[in-house]
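Worksheet: one structure, shown below.
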Amino acid sequence: MRFYQLFINGQFVDGEEKRTFSSLNPFNGETLATCARAGAADARLAARAAREAFDSGPWPRMKPEERSSCLKGLSDALNANAPLFAELEVADSGSTLRKAKEDVYLSARALGIYSKYALVDLTEQLDAVSRPGISTNFLLREPVGVVAAIIPWNFPLKMAVWKLGPALAAGNTMVLKPSEETPVTAMELARLIHNAGFPPGVVNIITGFGEDAGAELCRNPLVDTVAFTGSTDVGRQVMQGAAGTLKNITLECGGKSANIVLDDADIELAVDGALYAAFYHQGECCEAGSRLFLPERIADEFVERLTAGARAMKTGDPMNMLTDLGPLISRRQQESVLGYIAQGKRDGGVLATGGGIPHDPSCAGGFFVEPTIFDRVENSWTIAREEIFGPVLSVLRYRDTDDAVRMANDSVYGLGGGVWSKDPQRAMDVARSLRAGTVWINEWHLLNERAPFGGYKQSGIGREFGLEGLKEFTETKHIHVDLAGSRDRKPWYDVVVPRH
Ligand code: ADP
């Protein structure tokens with residue numbers, strides 16, 4: 001069994017209260033790791049370490065090249081340890097090995113990209129000067145200070161890197177709190193950070209629960225900004241916690257993304273795309289395509305093919321490279337998803353496939369749910385409105401494209417969306433009309449670290465990735481430089497020293 005301590009001020013330490021918690025392997029229910037459980041006092045210590053590293057340490061004052069090389073070193077170290085990280089990610093999060101290998105590769109790549117972002121000079125000289133001819137005006141983008149990053153359990157390593165990369169590239173220091181469900185790869189990352197030349201206190205990583213360690217980070221006056229990814233309900237709590245000290249926040253929260261198939265779509269491609277959108281990582285993705293809109297004319301055939309595709313997906317041991325769906329993260333999550341399925345049945349959904357726990361003996365010890373498709377769902381039902389975060393797809397049938405778009409936008413969420421069509425212009429028209437932060441045309445799930453990602457409506461606040469994402473970790477300072485040179489060229493001269 002593995003054991004992890006907290007990583008505060010460059011050292012591995014026990015929590016103040018010496019409490020611990022276990023992280024389970026969701027495939028077999030066995031304890032994978034015992035972790036120190038950070039309480040509010042530990043969160044305060046970590047915030048103080050980050051504060052001191054920001055206020056008086058070398059990190060924000062280093063040359064960008066030096067920060068860049070630390071991030072590049074971390075990227076290389078992650079690549080060098082890729083097999084270990086992939087294996088631990090599978091055991092801790094129930095991710096399939098196929099997904100975990102890609103996650104590690106993409107995480108190392110993202111750190112490489114952020115090592116380049118560390119070199120970007122965001123300073124702007126304004127064309128629209130305050131006093132034409134007698135002033136120059138600059139915008140500086142300075143690090144915001146201490147970042148608290150709070151992340152969920154679905155993509156533990158990627159989420160850690162997606163916060164760490166831009167926060168550090170912009171010159172901040174930070175406290176990262178992984179989810180209590182999946183602390184392992186973040187703590188392995190701490191080991192790499194320890195050896196990668198980051199000054200002490202620049203990155204602090206504390207394992208613990210949201211109610212104490214997480215809540216303290218949101219409230220703590222030494223923290224300047226909270227970067228959160230997780231459920232919309234917890235996002236609201238983060239916002240409330242941060243309100244006391246008026247912190248900046250970015251929230252990347254839930255979704256109920258609409259996947260719209262137009263009647264001219266390549267059906268085979270759209271069926272595969274819909275399965276991928278809904279069932280990738282057992283549906284535990286904030287941008288999952290969990291509402292599928294089909295035109296009446298092709299719906300029967302489409303659902304038939306979709307059902308056959310879902311039945312062919314292999315649920316089982318996530319370490320098996322042939323497995324498509326691994327276990328859900330926890331028994332609690334399994335019960336929650338089964339509860340939504342029961343609700344869907346009560347509301348009158350036509351269960352096309354799935355709906356229960358897989359019978360395969362290899363699934364007996366884990367928190368599995370079958371890939372499940374409900375046909376003829378109404379947009380007002382719970383399974384079409386709430387984020388299920390499991391392998392449950394709702395099929396909604398529509399009359400015409402306006403009808404589909406109206407229903408797609410009738411949601412409190414607005415994270416992702418998709419359109420399948422052979423006609424680029426029709427697809428683009430629908431893409432424009434969706435109120436969502438990312439829309440894929442004939443694709444799904446593909447994120448780009450150089451293009452902003454985030455949600456409309458209750459899916460979030462702010463953006464990750466790209467220069468927009470980097471700027472979320474900066475404060476903007478306007479510097480006005482007066483070039484008038486003499487008192488009589490100043491417009492306020494009249495006011496302060498009246499003319500004779
Ligand atoms: P999920 O439902 O995906 O687990 P949550 O939104 O519950 O996601 O949790 C995401 C992260 O937020 C986790 O790291 C969790 O510990 C943390 N968290 C939970 N409650 C709070 C809270 N009240 N304040 C701050 N962080 C919290």
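In listed order, ligands and their atoms are each counted from 1. Model, not experiment: these values are computed from the prediction. One-based numbering along the sequence shown.
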Parallel, tilted or perpendicular: ring planes of W59 versus F198, cut at 30 and 60 degrees: tilted
Heavy-atom donor-acceptor pair, S93 side chain to T182 backbone, under 3.5 Å: no
Pick from F228, F389, W153: the one approaching atom 4 (O) of ligand 1 most closely through a non-hydrogen atom: W153
Which residue and heavy atom of the protein sit nearest atom 25 (C) of ligand 1, plus the separation: G214 C, 3.3 Å
For G230, atoms of ligand 1 separated by under 4.0 Å from a heavy atom: 6 (O)
Heteroatom distance test (I151, ligand 1): nitrogen or oxygen, under 3.5 angstrom: yes
Any donor-acceptor N/O pair, N259 side chain to F293 backbone, under 3.5 Å: no
Over 12 foreign heavy atoms within 6.0 Å of CE, M239: no
Nearest non-hydrogen protein atom, atom 16 (O) of ligand 1: E180 OE1, 2.6 Å
N/O donor-acceptor pair under 3.5 Å between D347 side chain and G344 backbone: no
Heavy-atom side-chain proximity of S257 to W444 below 4.5 angstrom: yes
Minimum-distance protein heavy atom relative to atom 20 (N) of ligand 1: V234 CG1, 3.5 Å
Any donor-acceptor N/O pair, T372 side chain to E370 backbone, under 3.5 Å: yes
Close N or O approach (G210, ligand 1; < 3.5 Å): yes
Whether A215 lies under 4.0 Å from ligand 1, heavy atom: yes
Contact check: Q237 vs ligand 1, nitrogen or oxygen atoms, below 3.5 angstrom: yes
side-chain hydrogen bond (donor to acceptor under 3.5 Å, both in side chains) between D317 and T323, worked out: CA-CA 7 Å; D317 182 351; T323 297; over 6 Å; no
Part of D233 within contact of ligand 1 (heavy atoms, under 4.0 Å): neither
Any N or O of K177 closer than 3.5 Å to N or O of ligand 1: yes
Atom 9 (O) of ligand 1 touched by protein (heavy atom, under 4.0 Å): no
Q282 side chain vs P327 backbone, donor-acceptor pair below 3.5 Å: yes
Protein contact to atom 17 (C) of ligand 1 [nearest heavy atom, distance to 0.1 Å]: I150 CG2, 3.6 Å
